Each structure stands twice: as C-alpha cells, then as structure tokens.
Amino acid sequence: MLLLEYVSPTLADIVKHFNAMTNMRLGLRYAQCEDIEKAAGEYMDKLRKKSESECVKEKVAQGLDIDSALKACKEGKDPFAFLKNAEGISLAQGGKIDVLADIFKKINIPNDRKDFIKSVVGETTITSSQIENNRGEKSIYKVNDDFRSETSDRFFSLLNEYLNSKTVSTDSLKDLSLHNNSVTEEQIKNITLMPKAKQYIAVSKISSDLAYFKTISQYRQAMDDLLEAMRAPGLDDVQRGVLERDYNYLKEKLERFNEERQIYKDYNEAMSGILSESEKEKLSTIINDDGTSSYFSDSAETQDKKEMYLLEEKE
C-alpha cells in the first residue's frame, strides 16, 4: 500500500475506499442475517397460526366444540397442514403452495417478466410440514454477463452485415438500441472502418455499457412488478411479506451492483491515467529532443547488453 501511495495516490485512495466498503458490507451482512432470521420466525409463526385457524374452522364444522378443536389443532404434527393452495387443495392432502406463482395468477403482467422475477429471487414453496426458500439461479452479475455476450454477438453481426451490404437494417439497429439511446448506421460504419484490434475494444466497451443499462432497466422493471403485485386484491399478510422480502432483495442487489461499478470505474480511470503517463515516459525515451535517435537504436541496444553483461559478471 505504501508503494501504491507513492506511485499513484489516487489509486491508493480507491483501494482504501474499496476495503472500507468491503468491511462495511460485511457488517451489514451480519445485521441482515439477524433480520432475516427474525423475519423468517415471524413469517413461519403467521403461517402456523393461519393453518391452526383453518384447522379450528374445519373441526368445529365437523361438530367439535371450540376447546377440543383448539387442542386437536395445536397437537397436529404438520404445522401447515390446513393451508390450501390456489386450487383449494389442503396441504394435508398433498397440496403445495408456490407463493409467487399463486400471486402472479392474480396480476396482469407479461409471462416473460414473471419468469425473470422467479429466476432472480427464486420461489417460496410451502408444504404441510415445511417452508422451502429456493433462491433464484441467476445473480445480477449473470444477468449482466448474458446481456453483454448477447450485445457483443449482435454488434459483430451488424459489422458483418455492413461489410457485406454496406448498410444495416433498421430492425437490427432497433434490436440493439436502448429506448433513449439509439445505435445508428453511422456508428456501425465508423467501427467497421477501425482495425480489427480496435474493433474488439470498441465493441467490448459499448457492449459493457449497454449491458449495464439493460441490467439496471430489467431489475427496476422487476421491482415495479413486485410493487404492483403487492397491490393485488385478496392477498394475505404472508403473501405480502414474501413480496416485500423479494422487493428488498432486488433493491439491495441493485444498489450493490451500482456501488461496485462506480468503484471499478474509478479504478479503471486511475489505471488509465497511470498507463497514459507511462506511454508519455516511453515516448520521451524513444525520441530525443532532436528527433535523431531512438530507444530502439543499435547503440542503445549494444549499451544495454554491455550493462547486463557487466551486471552478471559482478554477480
């Protein structure tokens, strides 16, 4: 760290900030774990009470007095046995509650958006004896990587299309563009005229930025959809609790994603500055003031070899 502070105070400050953010994040994780355990306990307690209430209603309807019904229901082996799924089948009879899937049946949003939410937050499944919280298989970084790969492939496809026909279709440009940031044929033309190495760099940078904005947009849309789901009629406290938990989960992931991107952006800018200074130093070494000699001249190379030889002799 001392060496880094000497070479680049800016980069050293970024690394310190990153370490501080990591420690702060770790502290927040401990606090969140405690909150999750507390919320999970409250959640299970609500479900258990709801199941007992349904059990009491059923036992009373069968002719038991209220005291006998309460006792029988509290002694039940499976805590959620009398809950019912969306089809009205009790969990004691083999029914299963998929909380998000049941809620999504009550709201009118496209199926692809419902599938995306379930892929990133997972599903809460309730059986007669337990609650299973299956986390989504997609992290925000996987979503971003998928967007970046897809965007990069489309870009190179457009470059090839322009090379072959000297034009690109409007539909192809529209598929690649953001709603407030269009990709134009002129941009494709300019990238096509670059050397291959610079093409890859340009496409990589553009794909990374477009993927970032698409990831942010899709997560915000998912959060809006969860808020809409919370307003659906007929939801109980348990269902609203699941939706609120999933909303906060996406919000936390999105905030962390933005924070880390900003940190890496600062890091990359600092590294770029260091490399730029290095290039200037190299150029000043390569070209003398009179422009007559070079770092790569025969005399310079001979001198370097002599110095290396003398150094080996001394060792």
Side-chain angles (χ1 to χ4, degrees), residues 4 7-19 21-22 25 116 119-120 138-223 250 252-283 286:
L4 190 58
V7 174
S8 174
T10 303
L11 186 57
D13 287 341
I14 292 171
V15 173
K16 287 179 182 177
H17 176 65
F18 187 79
N19 289 336
M21 289 288 293
T22 301
R25 183 70 65 184
F116 175 74
S119 75
V120 293
K138 272 191 174 183
S139 69
I140 193 169
Y141 306 103
K142 179 67 168 61
V143 172
N144 188 67
D145 285 343
D146 287 346
F147 274 135
R148 184 167 52 214
S149 297
E150 178 187 339
T151 304
S152 179
D153 290 343
R154 286 187 178 181
F155 242 108
F156 282 117
S157 177
L158 281 180
L159 296 182
N160 289 330
E161 183 180 338
Y162 185 83
L163 275 175
N164 294 329
S165 60
K166 296 299 180 286
T167 186
V168 289
S169 68
T170 304
D171 289 340
S172 297
L173 291 172
K174 186 176 180 181
D175 288 342
L176 198 57
S177 301
L178 299 173
H179 71 279
N180 58 350
N181 191 359
S182 300
V183 176
T184 66
E185 184 171 320
E186 186 66 23
Q187 291 171 336
I188 298 300
K189 176 184 176 182
N190 291 336
I191 296 173
T192 305
L193 295 174
M194 291 178 176
K196 279 290 183 184
K198 290 189 176 181
Q199 275 186 23
Y200 281 104
I201 293 172
V203 171
S204 177
K205 287 182 177 179
I206 296 171
S207 298
S208 179
D209 285 341
L210 287 175
Y212 169 74
F213 290 120
K214 286 182 178 180
T215 302
I216 296 296
S217 176
Q218 192 157 26
Y219 264 69
R220 284 177 176 167
Q221 180 63 67
M223 291 166 67
L250 291 186
E252 193 271 336
K253 293 295 180 185
L254 191 56
E255 288 175 351
R256 191 201 306 181
F257 182 66
N258 280 325
E259 287 173 4
E260 290 180 356
R261 180 178 171 84
Q262 185 58 51
I263 290 171
Y264 290 132
K265 182 180 178 182
D266 293 343
Y267 172 81
N268 288 333
E269 287 177 354
M271 285 300 296
S272 178
I274 292 171
L275 292 174
S276 177
E277 288 298 318
S278 174
E279 288 297 319
K280 290 178 183 177
E281 289 295 324
K282 186 190 294 183
L283 286 173
I286 292 173

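Every heavy atom of this structure was used, including side-chain atoms; hydrogens, water molecules and symmetry mates were not. Because the structure is predicted, anything quoted here is derived from the model rather than measured.
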Stepwise side chain to side chain contact (heavy atoms under 4.5 Å, CB included) test for Leu163 and Leu159: CA-CA 6 Å; Leu163 275 175; Leu159 296 182; 5.6 Å; no

Check against side chain to side chain contact (heavy atoms under 4.5 Å, CB included), Glu150 and Asp146: CA-CA 6 Å; Glu150 178 187 339; Asp146 287 346; 5.9 Å; no

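Here Leu158 contributes atom CG and Lys189 contributes atom NZ; the two are 16.0 Å apart, rounded to the nearest 0.5 Å. The CZ atom of Arg261 sits 9.5 Å away from atom OG1 of Thr215, with the distance rounded to the nearest 0.5 Å. The distance from atom CG of Leu254 to atom CD of Glu259, rounded to the nearest 0.5 Å, is 10.0 Å.
Of all the heavy atoms in Glu185 and Leu173, the pair that sits closest is N-CD1, 3.8 Å. Across every non-hydrogen atom of Ser207 and Phe155, the tightest pair is OG-CD1, 4.3 Å. The minimum heavy-atom distance between Arg256 and Tyr141, with the atom names listed, is CD-OH, 3.8 Å. The nearest pair of heavy atoms linking Thr192 to Gln199 is O-NE2, 3.0 Å. Scanning all heavy atoms of the two residues, the minimum distance from Ser172 to Glu161 falls at OG-OE1, 3.6 Å. Here the closest heavy-atom approach between residue Arg154 and residue Asp175 is recorded as NH1-O, 2.9 Å.
A donor-acceptor pair is defined here as one N or O able to donate and one able to accept, closer than 3.5 Å; no such pair exists between the side chain of Ser157 and the backbone of Asp153. Checking side-chain atoms of Asn190 against main-chain N and O of Glu186 turns up a donor-acceptor pair under 3.5 Å.
Contact check for Ser119 versus Lys142: no side-chain heavy atoms found under the 4.5 Å cut-off. Proximity of Ile206 to Ile191: side-chain heavy atoms (C-beta onward) are separated by under 4.5 Å at one or more points. Leu210 has its side chain out of reach of Phe147: every pair of non-hydrogen atoms, C-beta onward, lies at least 4.5 Å apart. Put simply, the side chain of Ile188 reaches to within 4.5 Å of the side chain of Val183, judged on heavy atoms. Residues Thr151 and Arg148 are not in side-chain contact: their nearest non-hydrogen atoms beyond the backbone lie 4.5 Å or more apart.
Using a cut-off of 4.0 Å between Lys/Arg side-chain N and Asp/Glu carboxylate O, Lys205 and Asp209 are scored as not salt-bridged.
Shown here is Lys166, whose NZ atom has more than 12 heavy atoms of other residues, nucleotides or ligands within 6.0 Å.
In this structure, Tyr200 has its ring center under 6.0 Å from that of Phe156.
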